[in-house]
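Start at 1 with the first residue, then count along the sequence.
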Amino acid sequence: MSKLPARAGWHWVKQGFAVFRKQPGALMAILFSCMFVSLLSSILPLVGVLLPALLAPLFSVALLQGCADIDSGKRALPNLLLAGFRSAQRNQLLKLGVVYAVVLQLALIVLHLLGADAISQINESPGKLDPGLLDSMRGAVFASTLIYMGGWMLTCLAAPLIFWQKMALGKALFFSVMTVLREFKAFATMMVSLYLICQLLGVIPLLLFGSPQLAFAAVFSIILMLVVVMHCSLYAGYRQLFGAPSDAPTTVDLDKP
């Protein structure tokens, strides 16, 4: 198969919005269910810090299965939260969660190494931050974010490959990394497009609302919506690259530019 052009990533985003518009409430309900379980798991002693990252692949397949159900003309229900937990591939998905946790820890280590001085000053004197340290903190945050988002992008296809193609973790990671590298222009375009949309939509509440609290609530809502749209776009990309899941015949034309 020939490489996809960069504009394919933008087409995935448009197709992701098309899926989202069909059942926005249902998809947001699945996201809120995932967030609730993640919040509950985070309060557990000792393991609570890592559990959200470990469970992330199971939450991801819940949203992706919701997209597949919508694509096949079904209703996406909140009980899809349990799709990954009930799957025979549950252990493989949890192992993928370990990979996510390792990437997250690596990103946090880089953040603390590069921004140690700024973090220390913030803790000691929150209102008095040296401009030079602030610049170093920005660099640390950028490097940390780049590591985390780069790791996520390279492994973003692993969860659906494990869940739908019944692949083992190693094989799913191999195909995910190789596919993303092969179609890097399309995936980079998808991520940049979603980032720019987030920045654009995030400015609107700041201009419309005089209250910082209302503006923050609106921006947070936009971010949550785009998390769902990102999964819808990922579903569109997965379907073009690997075909629709066997139990999800197509009703939304995701091949149309």
Original post:
Are the side chain of Gln23 and the backbone of Ala76 linked by a donor-acceptor contact shorter than 3.5 Å?
Top reply: yes
**OP:** Output the distance between atom CZ (Phe184) and atom OG1 (Thr189), rounded to the nearest 0.5 Å.
**Re:** 9.0 Å
Original post:
Which heavy atom in Tyr100 sits nearest to a heavy atom in Ala53, and how many Å separate them?
Top reply: CB-O, 3.9 Å
**OP:** Please list, chain by chain and in numerical order, all residues satisfying side chain to side chain contact (heavy atoms under 4.5 Å, CB included) with Ala107, sequence neighbours excluded.
**Re:** Ser144, Ile147, Tyr148
**OP:** Treat each ILVMFWY residue as a node, draw an edge where side-chain heavy atoms are under 4.5 Å apart, and state whether Phe174 and Val177 are in one component.
**Re:** yes
Original post:
Quick one: does Gln89's side chain have a donor or acceptor within less than 3.5 Å of a partner on Gly84's backbone?
Top reply: no
Original post:
Considering residues at least two apart in sequence or located in another chain, which fulfil the side chain to side chain contact (heavy atoms under 4.5 Å, CB included) criterion with Leu77?
Top reply: Arg75, Asn79
Subject >> Inter-residue atom distance Met230.CE - Cys156.SG, 0.5 Å rounding >> reply: 9.0 Å
Original post:
Using a distance-only test with no angle check, is there a side-chain donor-acceptor pair under 3.5 angstrom linking Gln240 and Tyr235?
Top reply: no
Original post:
Any chain of hydrophobic side-chain contacts (each under 4.5 Å) joining Ile197 to Phe220?
Top reply: yes
Original post:
Just by modelled atom types, is the Ser176 backbone N or O under 3.5 Å from a matching donor or acceptor in the Thr179 side chain?
Top reply: no
Subject >> Any donor-acceptor N/O pair, Ser33 side chain to Ala29 backbone, under 3.5 Å >> reply: yes
Subject >> Interatomic distance, Leu4 atom CG to Phe187 atom CZ [nearest 0.5 angstrom] >> reply: 8.5 Å
Original post:
Is there a donor-acceptor pair closer than 3.5 Å between any side-chain N or O of Ser233 and the backbone N or O of Val229?
Top reply: yes
Original post:
Between Leu181 and Phe175, is there a shared hydrophobic cluster once you connect ILVMFWY residues whose side-chain heavy atoms come closer than 4.5 Å?
Top reply: yes
Original post:
In Å, rounded to the nearest 0.5 Å, how long is the span from CG of Leu93 to CG of Leu54?
Top reply: 12.0 Å
Original post:
Where do Gly66 and Leu27 come nearest, in terms of heavy atoms and distance?
Top reply: C-CD2, 4.1 Å
Original post:
Is the ring centre of Trp164 less than 6.0 Å from the ring centre of Phe242?
Top reply: no
Original post:
Counting only heavy atoms not in Phe85, do more than 12 fall under 6.0 Å of its CZ?
Top reply: yes
Original post:
Between Glu183 and Gly237, is there a donor-acceptor pair closer than 3.5 Å when you use the side chain of the first and the backbone of the second?
Top reply: no
